[in-house]
Every structure is written in structure tokens, then in C-alpha cells.
Amino acid sequence: MDASDPCSWTAPFTEVRGRIALARAGERAAADHLARTHGLVTVATNVRIAVEDLRGELDVVAEDRSRGFLVVCEVKARTRAAGVRSTGGDAVETLGARQRARIRRMTAVLLADGTLRARTVRFDLVTVDVAADRDGRPARCRHLVAAW
């Protein structure tokens, strides 16, 4: 993956319980970050696609209205065992070539049917690393702009 200058921040995840709640909290943190740091407007979250053999979900779709481009952001939220340091690589590595291709195809479907409109599309990745013990430490988040 070729990503330009990743940025990192922390977010509170102390009360999140369960895998789905963790995923949704990660998506909210990503959308907030895209708006606050990059001035993007979230146009959709959790967009489900089911067309022929193509099935999946786009986590966060945002746009830069001033420059007319769309950002499709995949969010990988993970827990880690207490005392284990994360380099951020684990979640990044879980986004394989097949999943990246599926996300591109899902985006193309939405552009072709007019659901989404954009001159340019960028694919970003946000990773969220939460301590499994959730002892009050914030989650470590990382944003890779143009991750693929």
C-alpha cells in the first residue's frame, strides 16, 4: 500500500462493548477526524452493497465539496491484549488486495448508478487500536490518506 504521511490521534473508547459497537465507534471517530482535520463532509456511513456476486459495506463516504472529490474510507478497529504495543501495522495488513478491489468495485457501482457523484475518488484507511482491558486509556487512531 502506498499512503502519504499518516496522521495519528487518540479517541476515547472506554465504554465500547462488543465487536459491532467497536466498529461503529471507530467509524464515528474516523468521520469526526475527516471533518475536523481535513474539512470533509460525511455523506454516508455503512453503505451496504448487494449487486449480483458483489456484497459488502463502505464504512465512511465523505466529500471535499470545494475540490469536488470523494473519499471512501475503510475503518479497521481492533482490540489488543493488555501490555501489547501496536505499531499500527496489524490492522493495515488486514486490508488485503481482494478487499481493496471489492471496495473499489462497490464504489464504482454507486458512481455508475448515480448514488454517488464525484470527479475524483480517493481511498483512505483509518485504523483504531483499542486496549482490550479498556482501563481508561484512549484508543490510538491512524489515518492513511490515499492508502491505495
Aromatic plane relationship, H33 with W9 - under 30° parallel, 30 to 60° tilted, over 60° perpendicular: parallel

Any donor-acceptor pair under 3.5 Å from D59 side chain to V75 backbone: yes

Is any side-chain heavy atom of T127 closer than 4.5 Å to a side-chain heavy atom of R78? no

Is the closest basic N to carboxylate O distance between R140 and D129 below 4.0 Å? yes

Side chain R102, main chain R55, donor-acceptor under 3.5 Å: yes

Any Lys/Arg nitrogen of R122 or D124 sitting under 4.0 Å from an Asp/Glu carboxylate oxygen of the other? yes

Give, for atom CD of E57 and atom OG1 of T45, the distance between the pair rounded to the nearest 0.5 Å. 8.0 Å

Under the side-chain contact (heavy atoms from CB on, under 4.5 Å) rule, what do V72 and I103 come out as? Steps first, then yes or no, please. CA-CA 8 Å; V72 176; I103 292 168; 3.9 Å; yes

Determine whether more than 12 heavy atoms belonging to other residues, nucleotides or ligands lie under 6.0 Å from atom CZ of R98. no

Sidechain-backbone polar pair: R100 side chain, W148 backbone, donor-acceptor under 3.5 Å: no

May I ask you to test the L116-V61 pair for a side-chain heavy-atom distance under 4.5 Å? yes

Take K76 and Q99 through the test side-chain contact (heavy atoms from CB on, under 4.5 Å) and record every step on the way to the result. CA-CA 12 Å; K76 293 292 186 181; Q99 187 175 9; 3.1 Å; yes

Residues H143, L34; criterion side-chain contact (heavy atoms from CB on, under 4.5 Å); working and verdict: CA-CA 9 Å; H143 178 206; L34 292 172; 3.6 Å; yes

Hphob cluster co-occupancy, V51 + M106, side-chain heavy atoms under 4.5 angstrom: yes

Heavy atoms of A77 and A23 approach each other most closely as CB-CA, 4.4 Å

Check for me, please, whether L111 and L54 land in the same ILVMFWY cluster - side-chain distances under 4.5 Å, paths through other members count. yes

Should the pair E63-R119 be classified as a salt bridge under the 4.0 Å nitrogen-to-oxygen rule? no

Is E74 close to F123 at the side-chain level, that is, under 4.5 Å between some pair of heavy atoms? no

Is the shortest side-chain heavy-atom distance between L110 and I49 below 4.5 Å? yes

What's the verdict on side-chain contact (heavy atoms from CB on, under 4.5 Å) for F69 and V121, showing C-alpha distance, side-chain angles and the deciding distance? CA-CA 6 Å; F69 71 84; V121 178; over 6 Å; no

Could you pull out the closest heavy-atom pair between V128 and A139, with the gap in Å? CG1-CB, 3.9 Å

Spacing of CG belonging to N46 relative to CZ belonging to R24, to within rounding of 0.5 Å: 4.0 Å

